[in-house]
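Report on the following structure.
When a ligand or atom number is given, it counts from 1 through the structure's own listing order. The basis for the numbers below is simple: all heavy atoms, side chains too, and nothing from hydrogens, waters or symmetry mates.
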Amino acid sequence: MINKLTRRAALGAVAAAGILGGVATTAHAADMTFTLATSGSETDMRSVAMANVFAPMVAEFADYQPGYNGTMFAQGTELEAISRGNLTMSIASAQELAQFFPEFSIFATGYVHQDAAHQVRVFNDPLMEPFKKTAEEELGVKLLSVMYLGKRHVNLRFTRDEVDVQTPADLAGVNLRMPGTDAWQFLGAALGASPTPLAFSEVYTSLSTGAVDGQDNPLPTVVDQKFYEVTKQIALTSHLVDLNYIAFSKEVWDKLSPAQQATVQRAADAAAAWGRLKQLDKENNLADFIRSQGVEIYTPNLAAFRDHVQAQYVGSEAAASWPDGVLERINALGN
Ligand code: KDO
């Protein structure tokens, strides 16, 4: 993996050389196609929001072409595809952006965002402007809106009799699958587990074969991906109130008229809001169904997890990249 500085320099060279190809757009606005790549499924609420809310709102001048389950671009490669002009949109993560710009790791830090509304206040706060500017100017990616993915919990294939998760110490030696980027691996270790990088598309099979002991997606994803078929417990750690960004190609954006830009922004905000409400509703009403599938759900010692996880970030390389005052501002925007 090329390191962040090398990757940043490479992106600068590509941009300077002006060799960013154009997405499939033509002079006739009607012929414009917005491609969207996501490792999520077609039934994932964020995918549904983009197809049912965003796409119709831009249909007057753009066709919408989604690629689900990582089939258009593999998880973690979407931002580079946008930057190189091969993709219009992705449902990006702060963890992926942190691979290019370490300061984005602040939005991927355990126990910082408190809930979906807090995510929205943070994304719309002036503190976000330098982050958005960096992504636009150095990566060619415009962050339009923030989407709610949900509260992430520890989900294990072991029964509670085998592993009873009360504190991080109980996760010692547990092979916990986390997504492949540094920020995710750091969080997995901060929880007390042994993190294993694995693509989202591999999680179900790896749980079923025992290649990994657990994963940490929110309840709606546990249902959407049927992880309840291959796991036996969920400890409600709520270690990350997770988010995604609707990421849009700056190159495509700049070709739009002001009116079209306003419509795209409005459509992204509407899709994010619609998806957030639907995801919250699902998240608040799935526990009984998951229990009915034989998965035990319980609340561990949250203070122990919060204190331990946050202590791991103090003095970390990630924390060193956070601009002064931003964490304090995020906390001030909390409840
Ligand atoms: C995952 O791979 O566990 C994850 O939840 C990480 C998120 O950042 C995001 O990439 C998500 O997968 C995909 O959107 C699929 O739901």
Exercise. Please confirm whether the backbone N or O of Gly110 pairs with a side-chain atom of Arg152, one donor and one acceptor, at under 3.5 Å?
Key: no

Quiz item: Any N or O of Trp184 that comes nearer than 3.5 Å to an N or O of ligand 1?
Solution: no

Exercise. Scan side-chain atoms only and decide if Asp164 and Gln166 contain a donor-acceptor pair under the 3.5 Å cut-off.
Key: yes

Quiz prompt | Protein residue, atom and distance nearest to atom 13 (C) of ligand 1, heavy-atom basis | solution = Ser39 OG, 3.3 Å

Practice problem: Quickly, which of Glu136, Glu129, Glu137 forms a salt bridge (charged side-chain N to carboxylate O under 4.0 Å, His left out) with Lys133? Name it, please. | Solution: Glu137

Quiz item: Any N or O on Arg46 sitting closer than 3.5 Å to an N or O of ligand 1?
Solution: yes

Quiz item: In a check of ring pair (Phe, Tyr, Trp, His ring centres under 6.0 Å) between Phe107 and each of Trp322, Phe131, Phe123, Phe101, which one passes?
Solution: Phe131

Practice problem: State if Asp216 counts as touching ligand 1 under the rule of any non-hydrogen atom under 4.0 Å. | Solution: no

Quiz item: Would you call Arg291 and Asp288 a salt bridge, using N to O less than 4.0 angstrom?
Solution: yes

Practice problem: For ligand 1, indicate whether the residue Leu149 contacts it via side chain, backbone, both or neither (heavy-atom separation under 4.0 Å). | Solution: side chain

Quiz item: What protein heavy atom sits nearest atom 8 (O) of ligand 1, and how far away is it?
Solution: Ser93 CB, 3.3 Å

Quiz item: In ligand 1, which numbered atoms sit nearer than 4.0 Å to a non-hydrogen atom of Gly40?
Solution: 15 (C)

Quiz item: Is there at least one pair of N or O atoms, one from Asn217 and one from ligand 1, spaced under 3.5 Å apart?
Solution: yes

Self-check item: Polar contact flag, side-chain donor to acceptor under 3.5 angstrom, Ser83-Glu80
Solution: no

Self-check item: Test item: side-chain donor near acceptor, Tyr204 and Gln215, under 3.5 Å
Solution: no

Quiz item: With atoms numbered from 1 as shown, which atoms in ligand 1 lie under 4.0 angstrom from a non-hydrogen atom of Gln75?
Solution: 1 (C), 2 (O), 4 (C), 6 (C), 10 (O), 12 (O)

Quiz item: Can you check whether Arg152 has an N/O within less than 3.5 Å of an N/O in ligand 1?
Solution: yes

Practice problem: Look at atom 3 (O) of ligand 1 and find which of Gln215, Arg177, Met178, Glu202 reaches it with the closest heavy atom. | Solution: Arg177

Quiz prompt | Contact check, Thr221 vs ligand 1, heavy-atom distance below 4.0 Å | solution = no

Quiz item: Below 4.0 Å from any atom of ligand 1, is there a heavy atom belonging to Asp224?
Solution: no

Quiz item: Does the side chain of Ser249 pick up a donor-acceptor pair with the side chain of Thr88 at under 3.5 Å?
Solution: no

Quiz item: Can a salt bridge be assigned to the pair Asp125 and Arg121 using a cut-off of 4.0 Å between side-chain N and carboxylate O?
Solution: no

